[in-house]
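The structure appears below as structure tokens.
Everything quoted here is computed from the prediction, not taken from an experiment.
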Amino acid sequence: MDFNQSLKIAASGLKAQSGRMRVIAENLANAESTARAPGQDPYRRKVVTFASKFDRELQAQTVQVGKVERDKTDFKSRYEPGHPAADASGYVKYPNVDTLVETADMREAQRSYEANLNVVTATRRMILKTLEILRA
């Protein structure tokens, strides 16, 4: 594997984890949102999937964001009879977003991003060292 391949594969990982972090941030931003009216559904949590893609130019597998799917778990309900989105029983539906799970997912995505960034940094150092050796 040459330096170019290494950089491009790590870049695909950076892009995929960046996309994952954007979706997680959207989930966290909407964690306490409600529907606009009774009977409507609130925001539904999104889940990122990854897909492996063969890059013909690199002759290597890379990663990319696959489908962004909606989580099918049930919404949370809270008894808030005065809320504008409360149903006839006084319950308001809240998103199926668990902030603890989203925070853990965000941390994992950050660590994966950092690992790919370390590959880019190490590759750049190797390229610079190679050039230094060739100049001598």
Side-chain angles (χ1 to χ4, degrees):
M1 181 182 296
D2 67 11
F3 293 138
N4 192 35
Q5 283 179 310
S6 176
L7 287 172
K8 287 186 177 181
I9 291 168
S12 76
L14 288 169
K15 187 175 178 182
Q17 292 302 334
S18 177
R20 180 180 177 201
M21 287 189 280
R22 274 193 301 276
V23 171
I24 293 169
E26 182 181 333
N27 289 342
L28 286 168
N30 287 292
E32 292 297 316
S33 62
T34 62
R36 296 185 189 270
Q40 292 180 341
D41 286 340
Y43 175 83
R44 187 170 286 281
R45 178 179 184 250
K46 294 178 182 175
V47 181
V48 173
T49 61
F50 293 116
S52 179
K53 178 184 174 192
F54 184 76
D55 188 318
R56 292 183 192 276
E57 179 186 333
L58 296 175
Q59 292 296 309
Q61 291 289 103
T62 59
V63 66
Q64 64 184 18
V65 172
K67 292 181 181 179
V68 177
E69 299 176 348
R70 300 210 182 257
D71 186 347
K72 302 289 188 221
T73 58
D74 293 333
F75 294 114
K76 299 173 186 175
S77 296
R78 290 188 206 149
Y79 184 69
E80 296 179 19
H83 194 284
D87 62 14
S89 303
Y91 286 92
V92 177
K93 286 195 264 186
Y94 280 87
N96 56 347
V97 176
D98 183 338
T99 55
L100 186 62
V101 169
E102 297 301 324
T103 304
D105 283 351
M106 180 67 85
R107 188 70 188 133
E108 182 184 345
Q110 287 173 331
R111 287 185 179 179
S112 295
Y113 187 93
E114 288 170 8
N116 283 297
L117 194 56
N118 287 336
V119 169
V120 171
T121 304
T123 302
R124 287 183 63 215
R125 274 187 272 161
M126 286 187 277
I127 291 169
L128 291 174
K129 194 65 169 172
T130 302
L131 291 173
E132 186 180 305
I133 291 169
L134 291 173
R135 285 184 199 156

Salt bridge (charged side-chain N to carboxylate O under 4.0 Å, His left out) partners of residues 47-56, not counting sequence neighbours, each pair once: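 Every pair satisfying salt bridge (charged side-chain N to carboxylate O under 4.0 Å, His left out) with a residue in residues 47-56: there are none.
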Residue pairs, two or more places apart or on separate chains, that pass salt bridge (charged side-chain N to carboxylate O under 4.0 Å, His left out) and touch residues 17-32: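 Output for this query lists R20-E108, E26-K46, E32-R78.
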Taking [Y]'s backbone N and O only, do any of them form a donor-acceptor pair with [X]'s side chain (distance below 3.5 Å, no angle check)?
{"X": "T123", "Y": "F3", "result": "no"}
{"X": "R44", "Y": "D71", "result": "yes"}
{"X": "E69", "Y": "V47", "result": "no"}

Close side-chain approach of [X] to [Y], heavy-atom, < 4.5 Å:
{"X": "V101", "Y": "R45", "answer": "yes"}
{"X": "T99", "Y": "L28", "answer": "yes"}
{"X": "I9", "Y": "V119", "answer": "no"}

Partners meeting salt bridge (Lys or Arg N to Asp or Glu O under 4.0 Å) with K8 (sequence neighbours left out):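 For K8 the salt bridge (Lys or Arg N to Asp or Glu O under 4.0 Å) partners, ignoring immediate neighbours, are E57.
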With K72 via salt bridge (Lys or Arg N to Asp or Glu O under 4.0 Å) - residues at least two apart: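 Once residues adjacent in sequence are excluded, K72 has no partner under the salt bridge (Lys or Arg N to Asp or Glu O under 4.0 Å) criterion.
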Could you see if [X] belongs to whatever hydrophobic cluster contains [Y]? Use Ile, Leu, Val, Met, Phe, Trp, Tyr and a side-chain cutoff under 4.5 Å.
{"X": "V23", "Y": "L14", "result": "no"}
{"X": "Y113", "Y": "M106", "result": "yes"}
{"X": "L7", "Y": "M126", "result": "yes"}

Partners passing side chain to side chain contact (heavy atoms under 4.5 Å, CB included) against P95 (at least two apart in sequence or in another chain):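 Counting only residues at least two positions away or on another chain, P95 forms a side chain to side chain contact (heavy atoms under 4.5 Å, CB included) with S33, P42, Y43, V97.
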Atom [atom1] in [X], atom [atom2] in [Y]: separation rounded to 0.5 Å?
{"X": "R111", "Y": "Q17", "atom1": "CZ", "atom2": "CD", "answer": "13.0 Å"}
{"X": "L100", "Y": "D105", "atom1": "CG", "atom2": "CG", "answer": "10.0 Å"}
{"X": "N116", "Y": "S18", "atom1": "CG", "atom2": "OG", "answer": "11.5 Å"}
{"X": "E114", "Y": "T121", "atom1": "CD", "atom2": "OG1", "answer": "11.0 Å"}
{"X": "N30", "Y": "N96", "atom1": "CG", "atom2": "CG", "answer": "11.0 Å"}
{"X": "T34", "Y": "D41", "atom1": "OG1", "atom2": "CG", "answer": "11.5 Å"}

Shortest non-hydrogen separation from [X] to [Y] and the atoms involved:
{"X": "V63", "Y": "A16", "value": "CG1-CB, 4.0 Å"}
{"X": "G39", "Y": "K93", "value": "O-NZ, 4.5 Å"}
{"X": "A86", "Y": "P81", "value": "CB-O, 4.0 Å"}
{"X": "G19", "Y": "V65", "value": "CA-CG2, 4.3 Å"}

ring-ring contact (aromatic ring centres under 6.0 Å, His included) against Y91, all qualifying residues, sequence neighbours excluded: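 ring-ring contact (aromatic ring centres under 6.0 Å, His included) list for Y91, sorted by chain: Y79.
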Whether over 12 other heavy atoms sit under 6.0 Å from K15 NZ: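 Not more than 12 within 6.0 Å, no.
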